[in-house]
Amino acid sequence: MTVYVLDLIIFAIGIYSLIAKRHIIKKIIGMVLIEYSTNLFLILIGYRHDGIAPIITQNMEQTQFSQSAVDPLPQALVLTSIVIGLGTLALMAAYAMKLYEKYKTFDMCEIKRLKG
Amino acid sequence: MNNVLLPLSVGIPLLTAVVILLIGKFWKGIGTILAPICGLITLIFSIDLLSASTGTYWMGGWPPPFGIVLVVDSLTKVLMLAVNLIAFLALVYSVSYMEKYTAIAKYYALFMLMLAGLNGVVLTGDLFNLFVFLEIASIASYALVGFGVEHEELEAGFKYLILGSVASTAILVGIAIVYNLTGSVNMADSARFIINMGVNKSLIFAAALFMFGFSLKAGLVPFHAWLPDAHPSAPAPVSAMLSGVLIKAIGIYAMMRVVFSVFGGPQDLLNIILWLGVLSALVGGLMSLGQNDMKRMLAFSSVSQVGYIAMAIGLGTPLGIAAGLFHLFNHAAFKGLMFLNAGSIEHCAGTRNLRQMGGLMKKMPVTSLSTLVGSFSISGIPPFNGFWSKLLIIIALIQAKAFVPAAIAVIVSVITLIYYAKIIRFSIFGKLPDIYKKLHDAPFTMLFSLIVLSILCFVIGIFYPFFMNSLFNPAAAAILDQAKYISMIIGG
């Protein structure tokens, strides 16, 4: 249970950083923290204490395997999710650079041409 | 059934994107040729799917629930047709419109990625696969919104990127919870477990996360802040794609799949969708009234019209859902048309501000006529398609005894008429400013898309019983019959 609470704390820090900070890079870090806590949550779902790798060997009973192996599917999902997160991060960084080129500032409160 | 068209609808645009990027390094014009051809191929596929029987495709031969499964049912057919039709016309339109931009190859590659993602979202029968395709479509659209790399575009794109990523993360957490509860990410398999298990608190939390994520992607009102910035900032063909099909495919359609096919359409969730829709229709309509930027007004109008669709779908009755889907298809046609019109005016006259236009009827007759057709359709003037879908939505609301939403739907349709009258009054009629004396109409490839969409608005309006009976009523029946969906995937 504790790990889930810790994961939630990472998520909360991410949300705080995303909402309360004005600096674009800090906002991006907040977004990345949110993504990572989500990935961690997916891993925790498939985690089993003292579990073994989900590889079945010749001298292993099927019942023993299903009782002790961790769930491999969330790990595969997280791998995909991390790659997607990387793509988003790269795009966010590119946006931050372009925004700085145009506005000469990283302060999100000064970037406000669109309204109404 | 193993219909090979299903994976190809996703695979061909993906492959085209890679080819365009690789060859685009040496020859910039490759995208201009390959992308419309690819759009035509996927359009032909989607038309071919209309007559195909419903069924599934097992990716890599793995049977569900172990492998990824692509599903085609009556609802999928409607969405596939809408996505590929608008995409093809937007691509044809791009040929002339994008000439003023540099990095055209990258534009077409991103567009193809977005098309692949949208087709994937519509076809997939697997929750995590839905998330992956949704992210492909979303990330491509984040990049396309900021494609002009000017001040406003970058700001809008960044805002859209951050909000969109939060929504995607919420959807992923929802999928994780559903997986934890049911032990499967296959939609039909999860649905089977949920039926046996009944409702518990974790499931309600997952449903809340899904509702938040998909509502943000659809631009429903409390979550709409990014939409009126992002949609006008993108190049016109991309605006047409975003407002025309993207918010519906990854917002409304994905929400319908999860709410109806996975959760079985519980009344509480449907009520939330209904009232979100009512709020969107009203707020979006009122916000449109005060806008002077043509594309920004159209974007607020999208919020309002998506509200109509959500309202109708939230009823959960066969007529309501059929009417909602009919309006979804119509909105793809006329909002796509209106954004392409706005792009055409911007391309020729160089402005989006309604106050600086006037008298364009004399100089740009085709664009003006199609603007008239689009405005009439969307504000519900009788022979055009928008009239029938709004009428059906209001009838469905009254039949379901939802009188307050029905009254608001009528009021909003009057508001819609007012602000489209404003567009017509300021852009087409009135006095031609002196600077536009030498104005001429847009090139043929742009006009082609406008003409096709105008004719479509008219034809759907005239033959609406045919379209209702052959497309939208079966689609509504398909989404409401959860047992058939489950047996189609797990049983076959």
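Everything numeric here is computed off the predicted structure, so don't read it as measured data. Every heavy atom of this structure was used, including side-chain atoms; hydrogens, water molecules and symmetry mates were not. Quick note on labels: first sequence line is chain A, next is B, and so on, each numbered from 1.
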Tell me whether B/Met197 at atom CE has more than 12 heavy atoms from other residues, nucleotides or ligands lying less than 6.0 Å away. yes
Heavy-atom closest pair (B/Ala234 atom, B/Ser239 atom, distance to 0.1 Å) is O-OG, 3.3 Å
So CD1 of A/Ile25 and CZ of A/Phe106: to nearest 0.5 Å the spacing works out to 4.5 Å
Polar side-chain atom of B/Arg352 near backbone of B/Glu346 as donor-acceptor pair, under 3.5 Å = no
If one checks every heavy atom of B/Phe158 against chain A at 4.5 Å, the contacting part turns out to be both
Among side-chain atoms of B/Tyr179 and B/Ser190, is any donor-acceptor pair under 3.5 angstrom? no
Are more than 12 heavy atoms from other residues, nucleotides or ligands located less than 6.0 Å from atom NZ of B/Lys106? no
Those residues of residues 12-20 of chain A that come under 4.5 Å of chain B on a heavy-atom basis, listed by number, are A/Leu18
- Task: Could you walk me through whether B/Phe147 and B/Tyr107 pass the ring-ring contact (aromatic ring centres under 6.0 Å, His included) test, one step at a time?
- Result: CA-CA 8 Å; B/Phe147 196 74; B/Tyr107 165 81; 5.6 Å; yes
Under 4.5 Å to a heavy atom of chain A? For B/Val166 that would be both
So, the part of B/Tyr142 with a heavy atom under 4.5 Å from chain A: the answer is both
Comparing A/Thr88, A/Leu91, A/Leu77 against chain B, the one with the most heavy-atom pairs below 4.5 Å turns out to be A/Leu77
Among residues 35-42 of chain A, residues within the sub-4.5 Å heavy-atom range of chain B, in order of number, are A/Glu35, A/Thr38, A/Asn39, A/Phe41, A/Leu42
**Prompt:** Does some side-chain heavy atom of A/Ile28 sit less than 4.5 Å from a side-chain heavy atom of A/Tyr95?
**Reply:** no
The interface call for B/Leu161 against chain A, heavy-atom contacts under 4.5 Å, is side chain
Test item: A/Leu99 and A/Ile111 side chains (from C-beta on) under 4.5 Å apart, heavy atoms: yes
If one checks every heavy atom of A/Met92 against chain B at 4.5 Å, the contacting part turns out to be both
Given B/His151, B/Glu135, B/Glu152, the one with more heavy-atom pairs under 4.5 angstrom with chain A than any other is B/His151
